There are 2 protein chains.
Amino acid sequence: MDNRENILSVALRLFSSSGYDSVGVQEIVDEAGITKPTLYHYFGSKRGLLDALLEKHFSALLTSVREAASYQGDLPLTLQKVVEAFFQFVKQQKDFYRMQLAMCFSGPESETLEASSRYNRELILILEEMFLKASGDHGNMKGRHKRYAFTFLGIINNYITLYLGNHITLDSREAFLAVHQFSHGIYS
Amino acid sequence: MDNRENILSVALRLFSSSGYDSVGVQEIVDEAGITKPTLYHYFGSKRGLLDALLEKHFSALLTSVREAASYQGDLPLTLQKVVEAFFQFVKQQKDFYRMQLAMCFSGPESETLEASSRYNRELILILEEMFLKASGDHGNMKGRHKRYAFTFLGIINNYITLYLGNHITLDSREAFLAVHQFSHGIYS
DNA sequence: TTTTTACTATACCGATCGGTATATTGGCTA
DNA sequence: TAGCCAATATACCGATCGGTATAGTAAAAA
């Protein structure tokens, strides 16, 4: 078993269930069955381990969402694709998305927000660009792309939160409902 | 200045900006200009301090929302009142709501979730009861009160999050938009 | 006046924090 | 074979963690 990957998966599990700040490096290496110098060899610091975790999973999410968000004239279809891209990712990386959501909402001075903010900015930027292009075909959307991006992501995260609390399953029907709920805010 | 209240306000500021786990008791007492035994005299433990903070502010929020959520035949009006109760509270207790949101999304094994979950359960219960009563007058709502409560609170928290990031201001118009967005999910 | 009680400071506790100096191992390269 | 380098362990670092034993003070109650 590869030590580096093992450390990453143990850290993800612990961070997502107890929070980055309350998990000690000692706890991670104990659970991984190794010692500290091994962890520090691969990641340099606790923060470096967090950064590696974020980079690994966010790059997959961003790629997937970027592809889904490529607007080509049909906004409802694009929105549906984006939601399903999120749902697909979350179903595969439940723990990671739980951790990432917690980081989004952590305090403005926290290390976790600082580490994750650039990825969330990128995510928002992708959505903004999608809405910006779409507003060329929908005059009443002009100048609102930033707000649409935030609101859309917010609705998606609501559904994901329901999923993480085992209240719903993430299927195409739920994705449709999410798009529908959001769309009402645009077209009326 | 009263020591107890001073500790509470310093702790709230630090917890909300850096996170409960990453703030040490020493840091709190230094900022408050006192020493540890004083803090431990009033609150018994760091966790006791957190509990006191939650109790103090949540009791105000719950009272306010409970009153707004008393359904008396006009659901849109009731929803509007509830949203405005949240908005009013958040405008006065920005830091507290930021901290409470962070706790909502903290890991399932975290101390912060354990400390705050009962208050959020109570909040959800109030909303559930409101939707349950309303479903007596709206047949198509039957059996969905739990989900409505989660979704409604989710939308409210989306707007509050936008406010905390200085993207919008919380006024009656925004409250109306929140109600409108939610209502679409019910009536269609 | 004496006693009690609430409050606060000094100084300290063992445990854990993130991180590292040093040494050893094993495999690949020159 | 000689040398190098990635990878790992033992043992340790100073700092900080949450928490407390002890003592003092000041005000209220007896």
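All chains are named by letter (A, B, ...) in the order of the sequence lines, taking the proteins before the strands, and each is independently numbered beginning at 1. Please read these numbers as outputs of a predicted model, since none were measured by experiment.
One atom, CG of A:Asp30, and another, C1' of C:dT16, lie 12 Å apart when rounded to the nearest Å. Spacing between atom CD1 of B:Ile34 and atom C1' of C:dA9 amounts to 11 Å, rounded to whole angstrom units. Regarding A:Lys46, its NZ atom lies at a distance of 17 Å from the C1' atom of C:dT20, rounded to whole Å. Atom-to-atom, CZ of B:Arg4 to P of C:dA6 comes out at 15 Å; the value is rounded to the nearest Å. Distance, B:Ile28 CD1 to D:dT16 P: 16 Å, rounded to whole Å. Distance A:Asp2 CG to D:dA7 C1': 12 Å, rounded to the nearest Å. In this structure, B:Phe43 atom CZ and D:dG18 atom P are separated by 15 Å, rounded to whole Å. The distance between atom CG of B:Leu39 and atom C1' of D:dG19, rounded to the nearest whole Å, is 11 Å.
Taking the six-membered ring where the residue is Trp, A:Phe182 and A:Phe152 present tilted rings, their angle falling between 30° and 60°.
Considering only the side chain of B:Thr35, C:dT10 comes nearest among D:dG18, D:dT10, C:dT10. Closest to the B:Lys36 side chain, of the nucleotides C:dG19, D:dT20, C:dC7, is D:dT20.
Of the possible polar contacts, none joining the B:Thr151 side chain to the B:Tyr148 backbone as a donor-acceptor pair under 3.5 Å is found.
For C:dT8, one of the phosphate oxygens OP1 or OP2 lies less than 4.0 angstrom from a side-chain nitrogen or oxygen of B:Tyr42. In this structure, B:Asn3 reaches the C:dT8 phosphate: one of its side-chain N or O atoms is under 4.0 Å from OP1 or OP2. In this model, the phosphate group of C:dT8 is not approached by any side-chain N or O of B:His41 to a distance below 4.0 Å at OP1 or OP2.
Among the heavy atoms of the strands lying under 4.0 Å from B:Val23 are primed sugar atoms or P, OP1, OP2 only; no base atom is included.
Side chains of B:Glu84 and B:Ser172: a donor on one and an acceptor on the other come within 3.5 Å.
For the pair B:Arg13 and A:Glu109, the salt-bridge criterion is not met [side-chain N within less than 4.0 Å of a carboxylate O].
Along DNA chain D, the nucleotide nearest A:Gln26 and the nucleotide nearest A:Thr38 are compared for position; the residue whose nucleotide lies closer to the 5' end is A:Thr38.
Checking each of A:Thr112, A:Val10, A:Ile28 against A:Phe15 for a side chain to side chain contact (heavy atoms under 4.5 Å, CB included) leaves exactly one that passes, namely A:Ile28.
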